[in-house]
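Notes follow once the structure below has been shown.
Just so you know, these numbers use all the heavy atoms, side chains as well, and skip hydrogens, waters and symmetry mates. Proteins get letters first, then strands, A, B, ... in listed order; numbering begins at 1 in each.
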Amino acid sequence: MKTGVPVAVSFVAGLIMVVSFFFNEETTKVGGLSQELLNWLIIVGGFTLLLGVVSITRVNWSGVRQKKEGWIYKVFTLISIFAMALPSLLPESWSPLFGRSAGSIYDWLFVYLQAPMMATMFATLAFYIASAAYRAFRARSAEATLLLITATLVMLWRVPMGEAFLNLFPGDIPAWLNTYIMNGANLAVQRGIIIGAALGASSMSLRIILGIERTYMGKG
Amino acid sequence: MNLTNLRKITPVALAFALGPLCETALAQPPEAIFRLDRLNALITIILFSFFILLYTHWAKQGKPLFLRKIPGLDAVEEAVGRATEMGRPVLFIPGIDELDQIETIAGISILGRVAKITAQYDTPLVVPVRYPLVLAAGQEVVKQAYIEMGKQDAYDEDTVLYVAGEQFAFTANVNGYMMRERPATNIYMGAFFAESLLLAETGNAAGSIQIAGTARPEQLPFFIAACDYTLMGEELFAASAYLSHEPLMLGGLKGQDLIKVLIIVCILIGSILATFGYGETFIEWFNAV
């Protein structure tokens with residue numbers, strides 16, 4: 001029962017998605033069934049949000065209670081969750097500070113705290129790229145040296161000073177080389193990976209629909 | 001001509017034959033019931049399903065199937081063993097996308113295998129997730145793994161925990177955890193985006209052994225640069241079958257490989273025809289796909 005029902009649900013849902021793909025959604029109801037299923041997913045997802053709130057509150061509250069290392073950050077997490085959520089849930093008619101419109105507490109916290117913090121995190125990526133590139137481009141072997149030369153050429157071409165430098169070479173050799181690396185070798189490899197991944201995804205979907213693969217339920 | 005050659009050529013011949021059919025199909029009236037412009041996709045699905053079921057049937061009959069080694073997956077048990085020896089946790093991230101993405105499902109499937117190993121060795125496992133649906137699925141999978149290993153008492157409900165719904169809030173939390181707790185092993189399996197390098201580089205700085213797998217080609221270079229092992233594209237989807245060693249699931253992989261051979265043959269024929277200025281029908285058929 002515990003395995004049979006999910007397998008049956010997966011089979012029916014998968015079959016609906018596949019079949020509806022081949023029907024015209026404007027002239028038949030079958031064609032629109034896949035969208036209907038996706039809408040159901042959003043509704044189910046909405047309900048599970050409560051699970052998330054319970055999980056994050058329980059984990060952080062337990063950390064604060066046991067005074068685990070860094071517990072003060074957990075206090076800030078808990079305060080942040082409820083400071084963002086509660087005013088946004090209250091009706092705007094009570095006060096302009098409630099709800100999610102411009103000028104509300106939620107909006108203020110999002111624009112002046114959350115958005116800049118997310119932007120900061122994203123900006124640190126530049127430093128991480130530099131350190132990862134340093135490690136990847138160390139010429140330890142023939143392959144790594146080839147990677148270093150290729151990457152240097154491509155990166156140089158993408159900054160004005162590098163482009164000016166490469167243009168000093170006679171003919172269109174640097175431009176041709178860059179175009180070949182990016183649109184030839186690089187694109188071909190990427191497409192190979194994409195084709196393989198698409199086949200892998202299709203194969204896995206088929207295994208799930210047919211009930212061969214049950215590992216997503218922790219079985220097998 | 002022997003039968004083996006005929007088997008290789010038949011799908012290509014089918015593609016040529018279907019070309020004119022697709023041209024007609026593209027001009028179907030708007031009130032049509034069936035999407036005839038997707039007929040080629042239907043034929044591909046039927047062929048694909050046929051080969052997968054054929055190999056699954058052969059696998060069921062006990063026919064030996066060769067599968068190449070995937071070092072990243074062979075290293076999973078070793079990496080968990082390392083965490084056990086060091087007395088540190090294993091961190092598993094099943095991607096940061098929703099459960100309706102096949103990559104996330106692949107990640108959850110691998111999580112089940114990893115959870116069985118951690119249950120066996122009594123190694124702490126931490127699984128931060130970004131979506132509540134993934135939380136529910138992850139908790140169920142880990143719980144089931146602990147039950148199957150007879151360690152239900154060792155299962156902690158907070159093994160799988162919801163961290164944050166925002167991409168970079170999630171990343172900040174997980175990176176903070178890595179630097180504080182210094183997990184011995186980090187496993188990233190699923191859909192990753194701009195945070196891939198932030199996570200992998202932090203794990204590298206924390207001295208963890210790292211195994212990653214994603215089907216996103218734009219994130220693969222970051223994982224390759226910062227992780228010890230990387231599963232590329234299809235290897236992620238093959239992981240659950242590979243780790244299970246179940247003939248039925250391995251049969252599916254072999255069927256997939258046969259389709260890949262057919263695609264390679266089609267690409268080669270298409271390239272040769274296009275180089276010499278022939279094969280317009282062939283190209284049009286593929287454009288329609």
Side-chain angles (χ1 to χ4, degrees), chain A residues 18 21-24 26-28 31 38 41 44-45 48-53 55-56 58-59 62 69-70 73 77 114 117-122 124-125 128-129 131-133 135-136 189-190 193-197 199-208 210 212-213 215-220, chain B residues 30-35 38 42 45 48-49 52 56 100 102 105-106 108-109 112-113 132-133 135-137 140-141 143-145 158 161-163 166 168-169 171-172 180 194 197-198 201 215 217 220 222 225-226 232-234 236-238 240-241 244 246 248-249 252-253 255-256 259-260 263:
Chain A
V18 173
F21 181 75
F22 298 104
F23 281 83
N24 193 338
E26 276 154 28
T27 53
T28 61
L38 292 175
L41 182 80
V44 173
T48 56
L49 192 62
L50 193 64
L51 277 178
V53 176
S55 166
I56 201 167
R58 193 178 55 221
V59 170
S62 130
E69 192 191 345
Y73 302 115
T77 306
Q114 193 178 333
M117 282 193 289
M118 287 194 296
T120 308
M121 275 300 292
F122 187 52
T124 58
L125 190 60
Y128 283 84
I129 286 177
S131 71
R135 217 177 24 258
V189 172
Q190 282 214 23
I193 293 171
I194 291 168
I195 290 173
L199 283 177
S202 311
S203 167
M204 189 173 184
S205 307
L206 202 66
R207 291 201 302 267
I208 290 172
L210 297 176
I212 298 169
E213 170 127 17
T215 48
Y216 65 98
M217 293 185 279
K219 305 272 182 191
Chain B
E31 68 275 8
I33 292 174
F34 297 105
R35 294 287 303 263
R38 290 177 176 176
L42 179 66
I45 289 177
F48 191 53
S49 309
I52 286 182
T56 307
D100 60 351
I102 190 78
I105 296 174
I108 291 287
S109 295
R113 302 285 168 197
L133 263 179
L135 171 81
E140 191 58 36
V141 163
K143 190 178 177 184
Q144 186 63 35
D158 293 330
L161 67 158
Y162 176 78
V163 164
E166 290 291 341
F168 289 109
T171 312
R180 281 191 305 275
L197 188 64
L198 296 177
E201 267 297 286
L220 278 170
F222 297 134
M232 288 197 270
E234 61 182 320
L236 171 73
F237 302 111
S240 56
S244 74
E246 277 179 33
L248 271 180
M249 279 162 63
L253 294 186
Q256 177 189 326
I259 292 287
K260 220 186 305 169
I263 288 176

- line: If one checks every heavy atom of I45(B) against chain A at 4.5 Å, the contacting part turns out to be side chain

- request: Please flag which part of I194(A) lies under 4.5 Å from any non-hydrogen atom of chain B: side chain, backbone, both or neither.
  value: side chain

field: Aromatic ring proximity F22(A)/F34(B), centre distance under 6.0 Å
entry: no

field: For the student: nearest non-hydrogen atoms of G200(A) and Q256(B), plus distance
entry: CA-NE2, 3.4 Å

Donor-acceptor contact below 3.5 Å, side chain T27(A) vs main chain A32(B): yes

message: Please find the pair of heavy atoms, one from R207(A) and one from S240(B), that lie closest to each other, and give the distance.
response: NH2-OG, 4.2 Å

Spacing of M121(A) atom CE and T171(B) atom OG1 [to the nearest 0.5 Å]: 5.0 Å

message: Main chain of F21(A), side chain of R38(B): is a donor-acceptor contact present, judged purely on distance under 3.5 Å?
response: yes

statement: Between A194(B) and F122(A) the two heavy atoms that sit nearest each other are CB-CE1, 3.7 Å

message: Checking the side chain of S55(A) only, and the main-chain atoms of Y162(B) only, is there a donor and an acceptor separated by less than 3.5 Å?
response: yes

field: For the student: nearest non-hydrogen atoms of M217(A) and V141(B), plus distance
entry: C-CG2, 3.9 Å

- prompt: Given that the side chain runs from C-beta out, which part of T120(A) has a heavy atom under 4.5 Å from chain B: side chain, backbone, both or neither?
  reply: neither

